[in-house]
Structure formats: C-alpha cells, structure tokens
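On a predicted model such as this, the values are computed, not experimentally measured, just so you know. Along the sequence shown, the residues carry numbers beginning at 1. The figures here come from the full heavy-atom set of this structure, side chains too, leaving out hydrogens, waters and symmetry mates.
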Amino acid sequence: VVASCYLFVIIATFKAGNKRKTTHSHLFLPKEYSVDPYASVFNHHTEAEVLAYLETGWGIGNVEDLQLSFLHGSEDDH
C-alpha cells in the first residue's frame, strides 16, 4: 500500500509598487514545512500573516487587492 500525501502551497497574488501598481505573485509553503511529508502537519498561513509578511518588503499599506489561492499536488506526482 502506498500512502499518498498532498502538499498545499498558498499563492498570494497582489498589486504593489509605485504609482502604477503592478501584479505580483508569491508562494507560501506551509508553516514549519519539512521535506518529510509523513512527519509534517501542514498548517497554513492566514491572510493576515501573508499580508504582514508582504508588507515587510513592500511597506505598510502598499499591498493591494490581495488574493490567496491554493496550489496542491500529491507528493507521489514527482
């Protein structure tokens, strides 16, 4: 029997930059991600955590239209 493990990655899509905000994307692995999927509990970042992280680079109030989506796949797919 082969166990299947699914890894869910968050894709954050947002607008940031100078006057003409451009669209950017950033991938977020689960918190405390380990390369051993059978020894990990996948806890995901909240929208507030993602926004706080993005604002450390782009500045507070400079991230707009934040949208989070999940990209998932089986560890058996590779």
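Every side chain to side chain donor-acceptor pair (under 3.5 Å) that T22 has, sequence neighbours left out, goes to H24. A search for salt bridge (charged side-chain N to carboxylate O under 4.0 Å, His left out) contacts involving E47 returns nothing, not counting sequence neighbours.
Of the inter-residue distances, the one linking I11 atom CD1 with S69 atom OG reads 4.5 Å to the nearest 0.5 angstrom. If you take OG1 on T13 and NE2 on H26, they are separated by 11.5 Å, rounding to the nearest 0.5 Å.
Pairs of residues two or more places apart, or lying in two chains, never qualify as salt bridge (Lys or Arg N to Asp or Glu O under 4.0 Å) while including a residue from residues 8-29.
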Under 3.5 Å, side-chain donor or acceptor atoms of residues 51-61 against the rest of the protein: list the pairs with distances, not counting sequence neighbours.
{"from": "E55", "atom 1": "OE2", "to": "G61", "atom 2": "N", "distance (Å)": "3.1"}
{"from": "T56", "atom 1": "OG1", "to": "Y53", "atom 2": "O", "distance (Å)": "2.5"}

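Between F14 and V63 there is a side-chain heavy-atom pair separated by less than 4.5 Å. Side-chain contact between L27 and I10 is absent, with no heavy-atom pair separated by less than 4.5 Å.
The two residues L66 and A12 come nearest to each other via the heavy atoms CD1-CB, 4.0 Å.
Side-chain atoms of H45 come within 3.5 Å of backbone N or O of L29 as a donor-acceptor pair.
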> Should H44 and F70 be marked as a side chain to side chain contact (heavy atoms under 4.5 Å, CB included) after you check the CA-CA gap, both sets of side-chain angles, and the distance that decides it?
Replying inline: CA-CA 10 Å; H44 300 288; F70 287 94; 4.0 Å; yes

